[in-house]
Enquirer: 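Below is a structure I'd like to ask you about.
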Amino acid sequence: MTDTQKIALVTGASRGIGAEIARGLAADGVAVAVNYASSPEAAEAVVRQIEAAGGRAVALKADLSDAEAPAALFEAAEAELGPVDILVNNAGTMRLGPIASLDEAALADQLALNLAAPLRLMREAAARLADGGRILSLSSSVVGLYQPGYGVYAATKAGLEAVTNVLAKELAPRGITVNAVAPGPVATDFFLKGKSDALVAQIAAMNPFKRLGTPEDIAGVIRLLARDEAGWISGQVIRANGGVV
Ligand code: NAP
């Protein structure tokens, strides 16, 4: 560890895109707090991979649907690693269905994890990050595609994009950048769960590259935005989707 080593808190980093973001930031020399909710073994495996590559990481359990969890998670990350420089709001959930049959539990779950939790984490980050920090959030290219069935999920991500732009203006005087990355479909459990091979192939063919995104595709954009050299990019939503929208 060096005195100048940056520290990141990545939510939902036990699996999928978040795990790749954690490994990628660690490869860039950042110490990483690997948050998880229900997969301790997976989170510990990410930590071991980072350590085996010479990096520094810790796994931290927090169910971010709980209103008290974001502040406690920041406290834990700071206690384990030191002051956080980079927040990545990655944890998210998706429950599809037409608005005509809007399900109360699905509405509450998606609002809690996709919108309220990032807002609370942003409140903590705004108070705690040193000048020059980075706040990054995972949106989705369904904001722009507006496909049937994605109403609640798209609403939470559109809200997250709006907050990103507001916070970018609030924190600019301190040199803190605030951006979102909006993936198209990425081959993780999140996207693949419950879909037939035929439907996956049909969705993969929607973009001009004719393939699904990979966690590496998305982590690469987060890594770019987290760099010191990206300090002039703020209040932006980068759609990483192979050109589908
Ligand atoms: P994923 O594979 O389902 O992984 C979700 C991660 O979030 C896991 O590490 C999980 O940890 C964590 N998590 C779930 N509930 C949590 C909670 N209540 N508190 C804290 N952590 C929780 O998802 P993904 O595909 O990597 O998606 C990551 C982000 O990208 C999400 O915000 C999603 O909306 C966005 N995105 C994904 C796609 C896609 O096609 N995959 C496309 C556009 C946007 P545990 O296992 O410990 O529960």
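First listed ligand is number 1; within each ligand, the first listed atom is number 1.
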Enquirer: Measure across L64 and A91 and return the closest heavy-atom pair with its distance rounded to 0.1 Å.
Expert: CD1-CB, 4.3 Å
Enquirer: Considering only Ile, Leu, Val, Met, Phe, Trp and Tyr, and joining two whenever side-chain heavy atoms are under 4.5 Å apart, list the other residues clustered with V237.
Expert: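 Direct or chained contacts put V237 with none.
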Enquirer: Examine the side chains of Q110 and T156 and answer whether a donor and an acceptor come within less than 3.5 Å of each other.
Expert: no
Enquirer: Check this for me, if you would: do K6 and D28 make a salt bridge, where the nitrogen-to-carboxylate-oxygen distance has to be below 4.0 angstrom?
Expert: no
Enquirer: Checking R123 now: which residues fulfil side-chain contact (heavy atoms from CB on, under 4.5 Å) with it, not counting sequence neighbours?
Expert: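 Per chain and number, R123 pairs via side-chain contact (heavy atoms from CB on, under 4.5 Å) with R120.
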Enquirer: Residue by residue, ordered by chain and number, which ones reach under 4.0 Å of ligand 1 with a heavy atom?
Expert: G12, A13, S14, R15, G16, I17, N35, Y36, A37, S38, S39, A62, D63, L64, S65, N90, A91, G92, L113, L138, S139, S140, Y153, K157, P183, G184, P185, V186, T188, F190, F191
Enquirer: Suppose we screen for side-chain contact (heavy atoms from CB on, under 4.5 Å). Which residues come up paired with Q202, at least two apart in sequence or across chains?
Expert: L199
